[in-house]
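See structure below.
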Amino acid sequence: MKKILSSVCIAAVAMAFAGCSSEDATQDPAPEARKVTLSITADQAGTRTVIGDDNKISWTENDAIEVLEKSDKGIAYAASTGCTLTEGKAGFTVTLPANASSDLIYAAVYPASAFLSENYSDLTKIKAILPATQTPTAASFDPAADLMISQAVRETTQPTEEGLAFSFGRVAALAKMTITGLDLADGETVRQVSFAAAERKLAGRCYLDLANGKVGALGYSNASERIVLDYSAVTGIGKASFPVWFACLPCDLGAGDAFTVVVTSDKNKTYTKNVTLAEAQTLSFTSGRLSTFAVDMTGIAGEETASGARVATLTYEEVGKLGMAYDTPVEYTNAGGTWTIVASKQNSMQINGSKGYIGLPEFTNDISLVRVTTHALSKEATLMLNTSNSTSGAAVSQSQDAESTSFTLVAADAGLKTGYIKSNAVVQITQIEVYTGAAIYLDDLAVSARETTDATTTYRAIAFTANDDTTVSAFDGCVSAASVDPDTKTLTYSVSANTTGAERKGTITLVAAANGAETTVDVSQAADVFKADPETVTLGGDANAATELTLTSDFEVGTPAVSAPDKFKIEGGAEGKYTVTALADGGAEETELGTITFTRTIDDKQIVVPVKQAAKGDVGAQTLMLTNANIVAGTGPASYGDQTMTDDEGNTWTAYAIRTYHSKATKENYHLQIKAGSQYFIKIPAVSKPIKKIVMTVSNASQPMTGGSNKATLEFRGESASSEVIGSATGTSKVIIDMPDNSFTEGYITATAAVRIWDIELSY
């Protein structure tokens with residue numbers, strides 16, 4: 001005995017369903033495999049892709065429904081395996097486990113592809129999805145978007161022979177939007193149409209109450225404010241006036257609300273119309289009803305679609321501050337185009353199986369390669385490049401490698417101008433690179449100022465045909481020669497010397513013989529460096545007083561010329577290091593003792609360094625250095641206490657700091673660690689003249705102190721470790737405190753947070 005539990009509580013297209021049985025020729029092999037046969041009577045036989053203005057539809061042999069059975073054993077469900085059409089009746093066959101319960105409830109969801117599998121406990125909150133990307137025909141909507149639910153039916157035994165009769169009601173609202181006045185060029189056809197309404201949930205996941213024939217929450221997750229209609233496989237579209245069919249979730253637009261229609265052609269042009277409803281205008285999308293309206297595109301010119309770039313990149317650093325979530329698509333536009341992000345905000349763009357995706361921009365040229373860099377990846381995860389963001393979207397390419405965080409998805413020859421990054425498990429994405437157009441990919445080149453002869457780098461060629469030979473078609477700028485070896489995929493190039501004092505540019509263009517696709521590689525050449533440090537040498541006032549001079553040059557430099565060889569000399573030159581030495585005592589301070597001239601051999605460019613000499617008895621600029629070789633271990637881990645150390649010149653340094661830390665590479669390579677507070681310090685030796693500069697090599701100097709939020713600043717204090725701060729600085733590897741004019745010849749180094757110090761150089 002059967003009983004219909006309730007009528008469908010949504011506005012529905014009512015269809016009467018009479019019984020239609022099919023006989024089983026053999027006994028089921030086991031009770032668990034017993035079949036439940038459902039016979040459904042439609043208004044007429046035919047195809048579900050035909051709909052009239054009277055909103056009547058028909059079933060097709062391609063249709064499938066998801067049947068759910070509720071009993072005291074729980075909920076079982078399965079998709080139908082076929083649809084038979086006989087005299088206007090549609091028959092579905094589905095296999096469920098044998099069930100001896102005397103109280104069973106049956107319900108169904110159409111289409112089966114919309115049903116979302118889960119371990120359900122009751123029928124009141126069943127999950128299904130209405131897809132945002134749809135594939136209508138020229139005359140009807142996409143059946144996969146026609147979300148319907150049945151009335152629930154109660155049975156006392158499994159209806160294995162008499163079958164079930166379901167009556168369906170439509171959840172989806174149907175729309176027929178007529179495009180008029182579209183001015184396409186000869187031979188240009190429509191490839192895609194989209195309809196978008198801000199703050200309206202047009203597609204996404206829904207909760208369905210199948211026990212009572214009601215709709216619960218609409219668009220509770222993966223909600224989209226845009227419906228995309230794919231016409232790439234449809235012929236006969238592209239006229240000035242044509243209907244666009246779609247299904248969406250119920251919603252209303254009233255006075256002041258707006259919607260946007262975008263038509264994209266096969267010539268990669270977009271025609272965009274923004275419509276704002278006037279005071280008396282409304283547009284209602286109602287469950288089970290057909291809404292008809294027209295959009296006039298007259299006078300709208302086509303614009304090139306986003307990004308003809310060779311490479312488009314999206315990084316988490318760009319979008320990390322956006323309000324990303326699994327249930328709300330976020331559109332983000334950068335130089336590569338507009339990306340659609342449905343992801344949770346972790347320390348990356350996180351997608352997780354059916355939760356989330358990242359939609360690529362719409363490109364002018366076909367996508368040939370997508371490279372995805374991940375932060376964390378489940379070992380079972382597979383990344384996929386899909387044709388759509390729905391669960392039924394076909395995967396063009398997929399990749400799995402538990403040992404890597406970089407994945408390459410190849411779309412060459414797939415004809416994709418956009419796509420969707422999806423996964424079957426948790427994937428945290430930090431960067432996506434999309435390569436389009438050309439079949440040859442090579443990173444841009446950066447070279448030094450020096451002349452480069454026959455340098456090599458490898459390129460990647462994606463073959464669109466069996467022939468993937470590559471040639472160099474052009475080069476310019478700083479590039480003096482370029483050639484390729486297609487067998488080894490090697491580019492060989494030469495770059496002339498840069499003596500201009502500024503950065504230079506150049507390009508190399510490669511062409512694929514297979515399809516004539518070109519790729520242009522940018523070559524940047526660094527500016528030449530030619531400088532002396534210090535720019536002026538000051539010698540001490542006594543004979544044999546010496547100071548160091550460093551020359552940095554990208555090119556060979558001749559022997560330095562000395563203008564006053566009787567007063568000073570210059571020696572050395574290895575790795576640009578020179579020593580300048582006074583040959584006689586000075587009298588009063590000499591500001592123009594002479595010059596040192598360095599001449600670059602490649603172009604005779606010169607640097608002239610003035611040489612001064614201090615008054616007799618003045619030792620000039622001096623330095624003290626405490627290195628990690630002078631730092632000794634304390635008595636144990638985290639050992640604090642006063643300890644003295646002697647540098648290579650015999651000067652005494654005193655520290656109150658940890659002294660037992662060492663590098664992993666060299667266990668005797670100790671360093672000091674001081675913390676915040678006046679009780680932790682390094683006392684520098686007393687020197688003969690005011691301190692000018694303190695340079696420290698550090699680690700953790702810019703990191704927050706453990707348990708705190710302050711970043712470390714190193715400080716110089718005069719009379720004591722708790723006196724006034726005279727100078728301070730912060731850095732990541734080198735911290736330089738330039739002292740103001742003062743008379744301090746000794747002092748203390750303190751910090752605002754934990755800092756590890758490896759070397760200290762003091763100039764006075």
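For the atom pair CD1 (I341) and OH (Y316), the distance works out to 10.5 Å, reported to the nearest 0.5 Å. A distance of 9.0 Å separates OG1 in T730 from CD in E715, rounded to the nearest 0.5 Å. The OG1 atom of T623 sits 13.5 Å away from the CD1 atom of I760 when rounded to the nearest 0.5 Å. With values rounded to the nearest 0.5 angstrom, S473 atom OG is found 10.5 Å from I508 atom CD1. In this structure, OG1 in T315 is found 7.0 Å from CE in M349, a value given to the nearest 0.5 Å. The CG atom of L762 sits 7.5 Å away from atom CD1 of I749, with the distance rounded to the nearest 0.5 Å.
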Using the rule given for side chain to side chain contact (heavy atoms under 4.5 Å, CB included), can you reason through Y493 versus V523, listing the C-alpha separation, both sets of side-chain angles and the distance that settles it, and then say yes or no? CA-CA 10 Å; Y493 61 94; V523 181; 5.6 Å; no
T745 and K689: CA distance, side-chain angles, deciding distance, side chain to side chain contact (heavy atoms under 4.5 Å, CB included) verdict: CA-CA 6 Å; T745 58; K689 294 196 305 181; 5.7 Å; no
Run M739 and K692 through side chain to side chain contact (heavy atoms under 4.5 Å, CB included) and show every step you take. CA-CA 5 Å; M739 299 286 288; K692 299 295 185 185; 5.6 Å; no
CA sep, side-chain torsions, deciding dist, call: K567, L583, side chain to side chain contact (heavy atoms under 4.5 Å, CB included): CA-CA 5 Å; K567 297 181 179 180; L583 298 178; 5.8 Å; no
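For T644 and T654, the side-chain atoms include no donor-acceptor pair closer than 3.5 Å. For the residue pair S678/S722, the side-chain donor-acceptor check at 3.5 Å is not satisfied. In this structure, a donor-acceptor pair under 3.5 Å is present between the side chains of T697 and K734. E433 and T313 are not linked by any side-chain donor-acceptor pair at a separation below 3.5 angstrom, with hydrogens and angles left out of the test.
Inter-residue side-chain proximity for Q431 and L314 is flagged as unmet; no heavy-atom pair is nearer than 4.5 Å. Looking at P685 and L624, their side chains come closer than 4.5 Å, going by heavy atoms from C-beta outward. Contact annotation: the side chain of T550 approaches that of K577 to within less than 4.5 Å [non-hydrogen atoms, C-beta and beyond]. In this structure, I570 and F568 have side chains that are not in contact, with every pair of non-hydrogen atoms separated by 4.5 Å or more. Residues V562 and V611 are not in side-chain contact: their nearest non-hydrogen atoms beyond the backbone lie 4.5 Å or more apart. In this structure, the side chains of I684 and I691 come closer than 4.5 Å at one or more pairs of heavy atoms. Side-chain atoms of Y578 and V609, non-hydrogen and from C-beta on, never get closer than 4.5 Å to each other. Proximity of I674 to L714: side-chain heavy atoms (C-beta onward) are separated by under 4.5 Å at one or more points.
No side-chain donor-acceptor contact under 3.5 Å links D485 to the backbone of T490. For the pair D738 (side chain) and K693 (backbone), a donor-acceptor distance under 3.5 Å is absent. Without hydrogens or angle criteria, S480 side chain to S494 main chain gives a donor-acceptor distance under 3.5 Å. For the pair Q525 (side chain) and S496 (backbone), a donor-acceptor distance under 3.5 Å is present. With Q613 contributing its side chain and G540 its backbone, the two residues share a donor-acceptor pair below 3.5 Å. Between the side chain of E571 and the main chain of T581, no donor-acceptor pair closer than 3.5 Å is present. Distance alone, capped at 3.5 Å, places no donor-acceptor pair between the T452 side chain and the V495 backbone. Between the side chain of T430 and the main chain of T373, a donor-acceptor pair closer than 3.5 Å is present. Judged by distance alone, the side chain of S563 and the main-chain N or O of T595 form a donor-acceptor pair under 3.5 Å. In this structure, the side chain of D454 does not engage the main chain of T492 through any donor-acceptor pair within 3.5 Å.
Within a 6.0 Å sphere centred on CD of E592, heavy atoms belonging to other residues, nucleotides or ligands number 12 at most. Atom NZ of K605 has more than 12 heavy atoms from other residues, nucleotides or ligands within 6.0 Å. Heavy atoms from other residues, nucleotides or ligands lying under 6.0 Å from CD of E649 number 12 at most.
Below 30°, between 30° and 60°, or above 60°: for F681 and Y748 the angle between ring planes is above 60°, a perpendicular geometry.
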Output side-chain donor-acceptor pairs under 3.5 Å for residues 527-535, partner residues at least two apart or in another chain, one line each.
residue: D528; atom: OD1; partner: G501; partner atom: N; Å: 2.6
residue: D528; atom: OD2; partner: R600; partner atom: NH1; Å: 2.9
residue: D528; atom: OD2; partner: R600; partner atom: NH2; Å: 3.3

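One finds a salt bridge joining E746 and K683 here, because a Lys/Arg side-chain nitrogen approaches an Asp/Glu carboxylate oxygen to under 4.0 Å.
Residues meeting the side chain to side chain contact (heavy atoms under 4.5 Å, CB included) test with D476, sequence neighbours left out: T507.
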